[in-house]
2 protein chains.
Amino acid sequence: MGKKKFQRMTPQRKIILEELHNARFHPTADEIYERVRRRLPRISLGTVYRNLDALAVQGIIQKLDLAGSQRRFDVNTEIHHHVRCVSCGALEDVVVLPLYPVEKILQDTHGFEIQGVRMEFSGLCPRCKEAKTTSQEKQSQNKH
Amino acid sequence: MGKKKFQRMTPQRKIILEELHNARFHPTADEIYERVRRRLPRISLGTVYRNLDALAVQGIIQKLDLAGSQRRFDVNTEIHHHVRCVSCGALEDVVVLPLYPVEKILQDTHGFEIQGVRMEFSGLCPRCKEAKTTSQEKQSQNKH
DNA sequence: TTGCGTGCAAACTGTTTGCACGCGT
DNA sequence: ACGCGTGCAAACAGTTTGCACGCAA
């Protein structure tokens with residue numbers, strides 16, 4: 001815990017990060033792979049995954065945990081919301097202005113025809129909350 | 001489109017549906033497989049997937065399109081929201097009462113300690129909206 | 001007797017991992 | 001020289017699919 005290995009900013013990692021910035025929306029790992037490959041033809045998909053992971057651990061990018069079969073990555077590490085096209089899978093950021101009807105924002109600024117919203121709350125369930133506090137107590141006992 | 005094949009209610013399909021009702025929350029395909037296997041030891045995982053698919057097509061159950069690596073299935077076909085435990089992955093339904101603070105509901109009725117919300121809107125992006133209307137026009141031209 | 005639904009196994013997709021090497025420190 | 005990060009390939013997990021057969025209509 002808190003044991004942070006030193007992380008080198010290798011050329012691969014740098015270019016992956018750059019391409020992540022260049023990609024319009026939220027690319028999947030192999031969209032990034034395709035882009036990076038144009039500049040580093042010998043890079044492997046495994047390296048892309050490992051670097052995306054490393055960047056996420058460092059908090060430089062965000063792994064998005066969303067619907068859909070492929071994970072997506074995001075240079076915006078703040079929490080925000082998304083619109084997904086049910087037909088082609090396109091994914092865009094949504095900025096929600098309080099007190100302004102969301103459907104209208106989505107229609108006006110994204111041109112989407114909205115069919116549904118899905119809210120997913122996340123946190124700790126009672127059991128895990130319990131488990132966490134007891135394990136923390138144990139840890140602090142060990143330290144003293 | 002609208003070409004519905006006749007669907008038989010086979011013993012396998014019936015038992016899968018029953019076990020889906022028995023499962024407390026939203027089981028994954030192989031949680032269902034494990035349960036059904038106690039009653040039909042020779043059933044295959046492929047059959048479970050095909051039946052879950054068929055039931056979803058008929059609108060009897062719902063395929064949940066959520067975060068997480070495994071798809072989950074739900075006998076409740078109405079749109080509703082979820083709480084997920086970030087630690088163990090447990091997933092529960094959330095009933096949102098309008099004008100009542102959501103965090104409080106989640107705390108009071110589920111015991112969850114909420115860390116975040118993620119809203120995902122879905123619908124048709126401008127391009128797919130366009131594509132859909134033009135293909136519909138083409139279809140109705142063909143019919144007449 | 002037609003063809004849907006099955007069990008089985010192989011294929012497929014997205015992601016992770018073991019290995020040997022090489023390069024920077 | 002140490003060891004992190006790499007390319008490559010194999011392993012993995014979840015899901016889908018091709019095939020031959022059997023059973024209900």
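Just so it is clear: chains get the letters A, B, ... in the order the sequence lines come, proteins before strands, and each one is counted from 1. Small disclaimer: the values here were computed from a predicted structure and weren't measured.
T10(A) pairs by the side chain to side chain donor-acceptor pair (under 3.5 Å) definition with nothing, not counting sequence neighbours.
As a whole-Å value, the separation of R72(A) CZ from dG14(C) C1' is 13 Å. Protein atom CD of E31(A) is 11 Å distant from nucleotide atom P of dG14(C), rounded to whole Å. dG5(C) atom P lies 11 Å from atom CD of Q12(B), rounded to whole Å. Atom pair R8(A):CZ and dC2(D):C1' shows a separation of 10 Å (rounding to whole Å applied). Y33(A) places its OH atom 15 Å from the C1' atom of dT13(C), with the value rounded to the nearest Å. In this structure, CZ of R37(A) is placed 13 Å from C1' of dC8(D), rounded to the nearest angstrom. Remark: C1' of dA13(D) and CZ of R71(A) are 14 Å apart, rounded to the nearest angstrom. If you measure from atom CE of M9(B) to atom P of dC23(D), you get 21 Å, rounded to the nearest angstrom.
Scanning both residues, V48(B) and A29(B), for their nearest heavy atoms gives CG1-O, 3.9 Å. Of all heavy-atom pairs spanning H26(A) and R72(A), the tightest one is O-NH1, 2.7 Å. The two residues Y33(B) and L45(B) make their nearest non-hydrogen contact at CE1-N, 3.5 Å.
Within residues 40-53 of chain A, the residues approaching DNA chain D are R42(A), I43(A), S44(A), T47(A), R50(A), N51(A), by heavy-atom distance under 4.0 Å. Residues from residues 13-20 of chain B with heavy atoms under 4.0 angstrom of DNA chain D: there are none.
When I16(A), L17(A), L20(A), V36(A) are each tested for a side chain to side chain contact (heavy atoms under 4.5 Å, CB included) with N51(A), only one passes: I16(A). Of the candidates K14(A), R35(A), R37(A), R35(A) is the only one forming a side chain to side chain donor-acceptor pair (under 3.5 Å) with E19(A).
In this structure, CZ in F73(B) is found 6.0 Å from CD1 in I61(B), a value given to the nearest 0.5 Å. Separating the CZ atom in R71(A) from the OG1 atom in T28(A) is a distance of 12.0 Å, to the nearest 0.5 Å.
By the 4.5 Å heavy-atom criterion applied to side chains, Q58(B) and M9(B) are not counted as neighbours.
In the set dG14(D), dT6(C), dG5(D), the nucleotide with an atom closest to the side chain of T10(A) is dG5(D).
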